[in-house]
Amino acid sequence: MEVPTNDCCSICHGNFHVPCQANCSHWFCGNCILQVWNYGSAFQPCRCPLCRRQINLLIPTDAASQQRNNSEVAEVLGKIERYNRHFGARSNGLIQRFRDLPFLLRRLSRDILEPQRSLPFVIRTRVYLSMFLSAIYILSPVDIIPEGIVGVIGLLDDVLIALICFLHIATLYRSVLVFRHGGS
């Protein structure tokens, strides 16, 4: 993802320096959002200053990651990696997973569609297999709750299968992001 044009950090109100996107989809300077975290509890992830959602994953831009030879940028990226190691892999419950779903699926679709982005083969295969098997179930006439007998309520199992598929795919992709930006 690229930093939104004509936008500024909502914390310092300046141009982005080592821009990072939080799992709530808001953008901040890496140092600014880490300062917000430093002013709170070091044992809990910080909350987004805009929407108050818990930030448990910070994703720096590719451009910032490529400037690792700059000592100031490398220091901020190291702190972001430490933050992601502490909070990125945490399971924060089903509600948090639903809230992170649009963010993760948007980023995943970008990674899959851009040829220069590399997604591990195993993850890519599991994503495609999950989507394929879910599509087969949803499109097949054989259902746990058949639409022909119970009508619209019969779509419930199809919706649940699609939701489980998307949650599984988002969880897989989250693990890739934590690995990439957690310094592991």
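Residue indices begin at 1 and follow the sequence shown.
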Between [Y] and [X], is there a side-chain heavy-atom distance shorter than 4.5 Å?
X: Tyr83; Y: Ile33; value: no
X: Pro49; Y: Phe28; value: yes
X: Leu104; Y: Leu177; value: yes

Would the distance check show the side chain of Asn23 and the main-chain N or O of Phe103 forming a donor-acceptor pair, the cut-off being under 3.5 Å?
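Side chain of Asn23 to backbone of Phe103, a donor-acceptor pair under 3.5 Å: no, none is there.
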
Residue from Arg180, Arg124, Arg106 passing salt bridge (Lys or Arg N to Asp or Glu O under 4.0 Å) with Asp111
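Among Arg180, Arg124, Arg106, the one meeting salt bridge (Lys or Arg N to Asp or Glu O under 4.0 Å) with Asp111 is Arg180.
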
Name the orientation class of the two ring planes belonging to His86 and Trp37 (parallel below 30°, tilted from 30 to 60°, perpendicular beyond 60°).
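If you compare the ring of His86 with that of Trp37, the planes turn out tilted.
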
Tell me every residue that passes salt bridge (charged side-chain N to carboxylate O under 4.0 Å, His left out) with Glu72, counting only those two or more places apart in sequence or in another chain.
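Glu72 satisfies salt bridge (charged side-chain N to carboxylate O under 4.0 Å, His left out) with no other residue.
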
Which atom pairs, donor and acceptor, lie under 3.5 Å between side-chain atoms of residues 154-168 and protein residues at least two apart or in another chain?
from	atom 1	to	atom 2	distance (Å)
Asp157	OD2	Tyr137	OH	2.5
Asp157	OD2	Ile144	N	3.2
Asp157	OD2	Ile145	N	3.3

Hey, any chance Leu57 and Phe98 share a hydrophobic cluster, counting ILVMFWY side chains that come within less than 4.5 Å of each other, even indirectly?
yes

Taking a hydrophobic cluster as the set of Ile, Leu, Val, Met, Phe, Trp and Tyr residues connected by side-chain heavy atoms closer than 4.5 Å, whether directly or through intermediates, do Tyr173 and Leu94 fall within one such cluster?
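Same cluster.
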
Check whether more than 12 heavy atoms from other residues, nucleotides or ligands sit under 6.0 Å from atom CG of Asn15, and answer yes or no.
no

Apply the side chain to side chain contact (heavy atoms under 4.5 Å, CB included) test between Cys48 and each candidate in Ser10, Ser25, Cys24; give the one that qualifies.
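Of the listed options, the one satisfying the test is Cys24.
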
Look up atom [atom1] in [X] and atom [atom2] in [Y], then write down how far apart they are to the nearest 0.5 Å.
X: Trp27; Y: Cys32; atom1: CH2; atom2: SG; result: 14.5 Å
X: Asn31; Y: Cys9; atom1: CG; atom2: SG; result: 10.0 Å
X: Leu34; Y: Cys46; atom1: CG; atom2: SG; result: 7.5 Å
X: Arg107; Y: Arg174; atom1: CZ; atom2: CZ; result: 12.0 Å
X: Ile11; Y: Phe16; atom1: CD1; atom2: CZ; result: 9.5 Å
X: Asp100; Y: Gln54; atom1: CG; atom2: CD; result: 10.0 Å

Under 6.0 Å between ring centres: does that hold for Tyr128 and Phe132?
no

What heavy-atom pair brings Pro45 and Asn56 nearest, and what distance separates the two atoms?
CB-CA, 4.4 Å

